[in-house]
Amino acid sequence: MKYTRRPTKVIILNQTFKVEWVTAADESHGFVDLNKCVIQMAKGYPKETTADTFLHEVIHAVNHVMDVGDKTTEEEATTRLATGLCTVWKHNPRVFEWLHNQLT
């Protein structure tokens, strides 16, 4: 059975981000408010676009929580991103099942 319900929250390194599905007011497919821990996703785009945008916003959140900045070396950034994404995946298996189903 495929898990097809859109996520309403995602735990990113011990912080719970609310996922809001909104009607797009402009060309933006998604947005993350790092201070309020909210990811907004525009409804109505192709599944692949939605999956790409969702992962993009999660990566923004991981980079923020893992303190990846302009002075972070590529190796440090890659290490932090890998650790962050593995942790997000571990704590949100249904979200990643939904993400996978958007791409199949």
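Hydrogens, waters and symmetry mates play no part in the numbers below; they use all other heavy atoms, side chains included.
Checked against ring pair (Phe, Tyr, Trp, His ring centres under 6.0 Å), His64 has no partners two or more places apart in sequence or in another chain. Partners of Phe31 by ring pair (Phe, Tyr, Trp, His ring centres under 6.0 Å), not counting sequence neighbours: none found. Under the side-chain contact (heavy atoms from CB on, under 4.5 Å) criterion, Pro93 pairs with no residue at all, not counting sequence neighbours. Applying the side-chain contact (heavy atoms from CB on, under 4.5 Å) rule to Thr78 yields the partners Glu74; only residues at least two apart in sequence or on another chain are considered. Residues satisfying the side-chain contact (heavy atoms from CB on, under 4.5 Å) test with Ala77, not counting sequence neighbours, are Val68, Thr72. Partners of His56 by ring pair (Phe, Tyr, Trp, His ring centres under 6.0 Å), not counting sequence neighbours, listed by chain and number: His60. Under the rule for a salt bridge (Lys or Arg N to Asp or Glu O under 4.0 Å), Glu76 has no partner lying at least two apart in sequence or in another chain. With sequence neighbours left out, the side-chain contact (heavy atoms from CB on, under 4.5 Å) criterion links Leu81 to Ile59, Val62, Asn63, Leu85. Among residues two or more places apart in sequence or in another chain, the salt bridge (Lys or Arg N to Asp or Glu O under 4.0 Å) test is passed with Lys9 by none.
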Report all side-chain donor-acceptor pairs from residues 35-43 shorter than 3.5 Å, counting only partners two or more places apart or in another chain.
residue: Gln40; atom: NE2; partner: Glu20; partner atom: OE1; Å: 3.0

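Between Lys18 and Thr8 the shortest side-chain heavy-atom distance does not fall below 4.5 Å. Using a 4.5 Å heavy-atom cutoff, the side chains of Phe54 and Leu99 are in contact.
Every pair passing ring pair (Phe, Tyr, Trp, His ring centres under 6.0 Å) that includes a residue from residues 69-93 is listed here, sequence neighbours excluded: Trp89-Phe96. Among residue pairs with one or both ends in residues 5-24, those qualifying as ring pair (Phe, Tyr, Trp, His ring centres under 6.0 Å) are Trp21-Trp98; sequence neighbours excluded.
Taking CD from Glu48 and CG from Asp52, the interatomic distance works out to 10.0 Å, rounded to the nearest 0.5 Å. To the nearest 0.5 angstrom, Gln102 atom CD is 11.0 Å from Thr53 atom OG1. One finds the CZ atom of Arg94 at 10.5 Å from the CG atom of Asn101 (value rounded to the nearest 0.5 Å).
Evaluated for a side chain to side chain contact (heavy atoms under 4.5 Å, CB included) with Val58, the options Val95, Val88, Val32 yield exactly one hit, Val88.
Under a hydrophobic-cluster definition in which Ile, Leu, Val, Met, Phe, Trp and Tyr are linked whenever side-chain heavy atoms come within less than 4.5 Å, directly or via other members, Leu34 and Leu13 are assigned to the same cluster.
Distance alone, capped at 3.5 Å, is enough to place a donor-acceptor pair between the Thr50 side chain and the Pro46 backbone.
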**Request:** Assess whether side chain to side chain contact (heavy atoms under 4.5 Å, CB included) is satisfied between Gln15 and Val65, documenting all intermediate values.
**Result:** CA-CA 9 Å; Gln15 293 185 23; Val65 174; 4.0 Å; yes
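Of all the heavy atoms in Ala51 and Leu103, the pair that sits closest is CB-CD2, 3.6 Å. The minimum heavy-atom distance between Ile11 and Asn14, with the atom names listed, is CG2-N, 4.0 Å.
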